[in-house]
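Right, one structure below, let's go through it.
Side chains included, hydrogens not; waters and symmetry mates left out as well; all remaining heavy atoms used.
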Amino acid sequence: MPGKEKPKRREVPFIEILKQSAKIIWENKYLLWFGFLIALGSPGSLNYSGGDNRLEEKGGAAVRFFEAHQGIVLAAFIIVFAIGIILFLISLVGRAGLIKSVNLIATKKKS
């Protein structure tokens, strides 16, 4: 239609945002600790490529190991699960602290 114009797209000032965030971090270095706490609880990525066709053989060995050592496997699972929960909670505290601190800095209040 000749009478309709497309709305103009707003440009996001990425460089200005990065400059402002770098300035905030430089002036408040304790924010890096919150970032570290967040990184502790963040799940990593694990990629495994089973290149060989002996997967059934390896799976059978794993099943036999689990059957022979049920107590150890269960204890290890519980320990790993508990550590995961603790790291998740630490990450959650780090996230909350970072958000609260940056909000106080942005509103020019004491953090």
> Hey, any chance W33 and L37 share a hydrophobic cluster, counting ILVMFWY side chains that come within less than 4.5 Å of each other, even indirectly?
Replying inline: yes
> Of all heavy-atom pairs between S91 and G41, which one has the smallest distance, and what is that distance?
Replying inline: CB-CA, 3.5 Å
> To the nearest 0.5 Å, what is the distance between NZ (K100) and NZ (K109)?
Replying inline: 8.0 Å
>> My understanding is that only residues two or more places apart in sequence, or in another chain, count here; which of them pass ring pair (Phe, Tyr, Trp, His ring centres under 6.0 Å) with F36?
In response: none
Hey, can you pull the donor-acceptor pairs under 3.5 Å for the side chains in residues 70-82, sequence neighbours left out?
none

>> Nearest 0.5 Å, please: how far is CG in L40 from CZ in F88?
In response: 14.0 Å
> What do the steps show when you test I90 against I38 for side chain to side chain contact (heavy atoms under 4.5 Å, CB included), and what is the final call?
Replying inline: CA-CA 7 Å; I90 289 172; I38 292 170; over 6 Å; no
>> Tell me whether F34 shares a hydrophobic cluster with I24, the cluster being built from Ile, Leu, Val, Met, Phe, Trp, Tyr side chains joined at under 4.5 Å.
In response: yes
>> Connecting only ILVMFWY residues whose side-chain heavy atoms lie within less than 4.5 Å of each other, what is the rest of I17's hydrophobic cluster?
In response: V12, F14
> N103 side chain to I99 main-chain N or O, any donor-acceptor pair under 3.5 Å?
Replying inline: no
>> Strictly distance-based, threshold 3.5 Å: is any side-chain N or O of S101 a donor or acceptor partner for the main-chain N or O of L98?
In response: no
> How about W26 and K29: do any of their side-chain heavy atoms sit closer than 4.5 Å?
Replying inline: yes
> Considering all heavy atoms of both residues, which atom of Y30 and which atom of I105 are nearest to each other, and what is their separation?
Replying inline: OH-CD1, 3.9 Å
>> Tell me if the NZ atom of K23 is crowded by more than 12 foreign heavy atoms within 6.0 Å.
In response: no
> Could you give the distance from CG (L92) to CG (L87), rounded to the nearest 0.5 Å?
Replying inline: 12.5 Å
